[in-house]
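Take a look at the structure below.
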Amino acid sequence: MINVIIIVLGILMIASAFMAIYMRSLLSSIIAAGVISLLASIIYLLLAAPDVAMMEAAIGSGLTTVVFLYALSKVKNSGEDNHG
Amino acid sequence: MVKRFLILLVLIFFVIMLMPLVSDIQPQTELNPLAEKYVKDGPDELGSANLVTSVIVTYRGLDTLGEVAVLFIATAGVGFMLRRRKDSKLNPQKKRESSEILQTGTALLTPLIFLFGIYIFLHGHLTPGGGFQGGVVIASAVLLSLLSYPQAEVNHKILNAIKSLSGAFYILIGVLGLYLAAGFLDNRILPLGDFGHLFSAGAIPVIYSLIGLKVGSELVGILDSMQRSDS
């Protein structure tokens, strides 16, 4: 049973990885990259590694996503400055 | 066309090179000798209910010190790259106030998230989690405040004081272990106490609290410099 769940989560991870690459907007790509970490943290939890799962959920899907969002807003702002 | 063919060739070469690694994998049915020693002697030697913590903080304490140092260097790098230009007066435009709902929710949630982070690193030797996880949770509480009050400033004096003092005390406790116990970062400089209680496992709770404060303040520093930087 647990193997089936892990395989499904792995397939979802690969799917969201492809979404992160092929999405049109960068915002969606960042969110998809965060989803990968969230699914990975569930897998860690199922494999009885709660310490790593907490780390992955907090840093991978939380902090990294926010840092990417900050970077995206900076890049957008500077791009507008160049054109205007 | 030739380029694609070459790329394909390189990929096939890598597959052939890495194939033995994949095909030789055997599922491990028993622990290797080092892990077996940790599992057998860890609880009695160090008195920590969470074995992962006793490995991270004590047996592999030097690696953890290295991780904290890497985080420190990363923060210093981000702060250096994104430093605020003092002469730029182009940036006085008022940032938009956040909504009432976000502000009220932040006021309600921030203390609770702070408490949860402190709980995680204080109970690092009893339950899953520890200094790094607790520090990240604290940083996320500060992030919530930064998002809902864009005008607010992080007090850099307090932040730097927490950063420096927690790092210094971490090293100090490590060096104390050299004199009072078996070696660097040994946790048996304090009495081990009752197994499974909050005040147990020697210096592990102290070390993990210091790591939590250090990691939390470093990450707050990164978020703050990303929020404040021009352009």
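Both the backbone and the side chain of A/I59 come within less than 4.5 Å of a heavy atom in chain B. Residue B/V52 touches chain A through its side chain alone, counting heavy-atom pairs closer than 4.5 Å. In this structure, the portion of B/L143 lying under 4.5 Å from any heavy atom of chain A is its side chain and not its backbone.
In this view, B/E218 and B/K214 satisfy the salt bridge (Lys or Arg N to Asp or Glu O under 4.0 Å) rule, not counting sequence neighbours.
More than 12 non-hydrogen atoms from other residues, nucleotides or ligands lie less than 6.0 angstrom from OH of B/Y59.
Of the possible polar contacts, none joining the A/S28 side chain to the A/R24 backbone as a donor-acceptor pair under 3.5 Å is found.
At least one side-chain heavy atom of B/I138 sits under 4.5 Å from a side-chain heavy atom of B/F121.
Ring planes of B/Y119 and B/F116: parallel class, angle under 30° (limits at 30 and 60°).
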*Any chance you could lay out the side-chain hydrogen bond (donor to acceptor under 3.5 Å, both in side chains) test for B/N50 and B/H123, step after step, and finish with the verdict?*
CA-CA 9 Å; B/N50 184 1; B/H123 289 243; over 6 Å; no

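Atom CG of B/L213 and atom CD1 of B/I162 lie 6.5 Å apart (nearest 0.5 Å).
Chain B is approached within less than 4.5 Å, heavy atom to heavy atom, by A/P50, A/D51, A/M54 from residues 29-54 of chain A, ordered by number.
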